[in-house]
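Notes follow the structure.
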Amino acid sequence: MEEFTSGRKRLVLAALCATMFMAMLDNVIVNNALPRIGQQLHAGVSGLQWVVEGYSLVYAALLLTGGTLGDRYGRKRIFLTGLALFTAGSAAAALSGSIGLLIAARMLQGLGAALLTPGSLSILRHVFTDEKERARAVGLWSGVSALGLAIGPVLGGPMVDAFGWASVFWINVPIGAAGLLLAAWVLPEFAGRARRVDLPGQLLSVLGFGALVYALIEGPARGWTDTRVLTLAAAAVALLAFVAVELRTTDPMLDLHFFRDPVLSGAAVSGFMISFGMFGASFFLPLLMQDVMGWTPSNAGLAGLPMTAMIVIAAPLSGTLTARCGSRIPLVTGLTLCAAALGGLSLYGEHARYLEYLWVLLAMGLGMGMTFTPVSVMVMKRVPLAQAGMASATLNMLREIGGVVGVAALGAVLTSRLAATLTGSLDRLDVPPETRHGIEDSVAGTGANGTQALPAPVHDAVNAAFVEGLHLALRCGGAAMVTAAVLVAVLLRPASSQATAPAGEPTQQDEPAYQ
């Protein structure tokens, strides 16, 4: 195996951290630009929705393909290709003169991210061979990745105010160009391994995961009984065919033996559920701050700085903790903290003061930071190097789908409770039926935003209904996170008996089990 100097290792880590930060940042920073995009490109709610979700759709559908291509044709080659496409997509998005072109550019960004993301973790594994050194590197890499998700809202509002909506895409171009040059120079060349192209698996995975994500995206907006949503949900049955194909083929793009290992299953559950809960919270918290509490986008973004700080602190520390005593303690602790944060947030409404719920943001950031690193470390330790790209792609796909499912499921809970509560409130206020329908339709499309012009009692009723729906959604999310924490504790139980081994002695969790 090629030896790397400490200087080159730092450069490799810098290149991978910069590109992952950019990819994660792009997941969330665009949200702050949506109102300005709608005004200047004359886009409605549906078009703006696809500015965000076109990226997620392509990214989730093609992640497994990206991992397989990296394993076959070389991870550096596919990584650089993905980074170039992502950077080009960012420039195209910034230059878009219509909503259709912007959505297409976002999909190109999603394609690039699907190609570069799986290779990042597997390259780290190849370069950092010492277990403790690798844990520290993955801790920093995970922290930077999580930082991109957390800092997006903080940067987005001020950037849009100062430089316009295109700036949230232009910011990627110099980072991507510098990352491309640095990565081409310092990344080691990985020879692809000879393997048959699993064409049926590729097609079925794209169809199945694409249909599933699309249905989850459109379900809350169109209604779960809408013909298009039901058709796409039915198309997700292709995933069953995908499983059947992968079980029969001799060289699958997704080796389902991955999930026979309880430690890897624990990693998968953790990755899925942390995105389920925290993407949902990240979606709802700005709505509470801006639509109900009346904060500006910039102030709401800056309010998230404590969470960002905790992520930066916790991610490297969790890497050290994982190297010392395994992944079970940081993972279960992180999931529990996230559950407490979601439940805690449900205690506050429109009159809450920032200092009262500051602890929620701190717990949320600490929980997120505690979980990112152990999941990545477990995958790298338990999967053969030749299949690291596939395993990384699987993990990232589950994270992405977990986020989409979280927003869809918790959004459905919020919308259902909001509608029921608002109907009762409008009945008590004797609002005429023709006026009531307009209010209900407006709230269903925009939440509590845009109702300031209503009479004060009606406006207050809308806010109260929104807060009640939000509280129920957050409690459901917290309950799901608690369930995940218990499940992960059980799945990682065999490793716990080894957690007290002397320092430097490998635990059962450190031993390769997936062959």
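- Contact check for Val332 versus Thr336: side-chain heavy atoms found under the 4.5 Å cut-off.
- At a threshold of 4.5 Å between non-hydrogen side-chain atoms, the residues Leu111 and Tyr59 do not count as touching.
- Expressed to the nearest 0.5 Å, how far CG of Leu182 lies from CG of Leu187 amounts to 7.5 Å.
- Taking each heavy atom of Gly66 and Ile78 in turn, the nearest pair found is O-CG2, 4.1 Å.
- Looking at Met307 and Leu362, their side chains never come closer than 4.5 Å, going by heavy atoms from C-beta outward.
- With Arg8 contributing its side chain and Val186 its backbone, the two residues share a donor-acceptor pair below 3.5 Å.
- Note that the CE atom of Met364 and the CG atom of Leu337 stand 11.0 Å from one another [nearest 0.5 Å].
- Counting all heavy atoms, side chain and backbone alike, Ala93 lies closest to Ala105 at N-CB, 3.4 Å.
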Assess whether side-chain contact (heavy atoms from CB on, under 4.5 Å) is satisfied between Cys476 and Leu410, documenting all intermediate values.
-> CA-CA 7 Å; Cys476 289; Leu410 299 184; 4.3 Å; yes

Hey, mind stepping through Phe169 and Leu102 against side-chain contact (heavy atoms from CB on, under 4.5 Å) and telling me if it holds?
-> CA-CA 11 Å; Phe169 299 111; Leu102 180 56; 3.9 Å; yes

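- Contact check for Leu85 versus Leu115: side-chain heavy atoms found under the 4.5 Å cut-off.
- Side-chain contact between Ser270 and Leu335: present, with at least one pair of heavy atoms (C-beta onward) separated by less than 4.5 Å.
- The aromatic rings of Phe276 and Phe272 sit parallel to each other, their planes meeting at less than 30°, with 60° as the upper class boundary.
- In this structure the side chain of Thr483 never reaches within 4.5 angstrom of the side chain of Met273, judged on heavy atoms.
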Walk me through it: do Leu361 and Met310 pass the test side-chain contact (heavy atoms from CB on, under 4.5 Å)?
-> CA-CA 9 Å; Leu361 302 178; Met310 292 306 298; over 6 Å; no

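- The minimum heavy-atom distance linking Ala339 with Gly478 is given by the pair CB-O, 3.5 Å.
- How far OG of Ser98 is from CD of Gln40: 13.5 Å, rounded to the nearest 0.5 Å.
- Counting only distance, with no hydrogens or angles, the side chain of Thr333 and the backbone of Ile329 share a donor-acceptor pair below 3.5 Å.
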I would like to know whether Arg106 and Val30 meet side-chain contact (heavy atoms from CB on, under 4.5 Å); could you show each step before the answer?
-> CA-CA 10 Å; Arg106 290 285 289 161; Val30 70; 3.7 Å; yes

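- In this structure, Leu180 and Thr87 have side chains that are not in contact, with every pair of non-hydrogen atoms separated by 4.5 Å or more.
- Side-chain atoms of Thr19 come within 3.5 Å of backbone atoms of Leu16 as a donor-acceptor pair (strictly under, hydrogens ignored).
- Contact record, Leu398 with Ala268: CD1-CB, 3.5 Å, taken as the closest heavy-atom pair.
- At a threshold of 4.5 Å between non-hydrogen side-chain atoms, the residues Pro306 and Leu358 count as touching.
- Between Phe86 atom CZ and Leu83 atom CG the span is 8.5 Å, to the nearest 0.5 Å.
- Taken from CG in Leu487 to OG in Ser265, the straight-line distance is 9.0 Å, to the nearest 0.5 Å.
- Side-chain atoms of Lys76 never come within 3.5 Å of backbone atoms of Pro188 as a donor-acceptor pair (strictly under, hydrogens ignored).
- Of all heavy-atom pairs between Phe128 and Lys9, the closest is CZ-O, 3.6 Å.
- Considering every non-hydrogen atom in both Val269 and Leu491, the closest pair reads CG2-CD1, 4.2 Å.
- Rounded to the nearest 0.5 angstrom, Gln109 CD and Tyr55 OH are separated by 6.5 Å.
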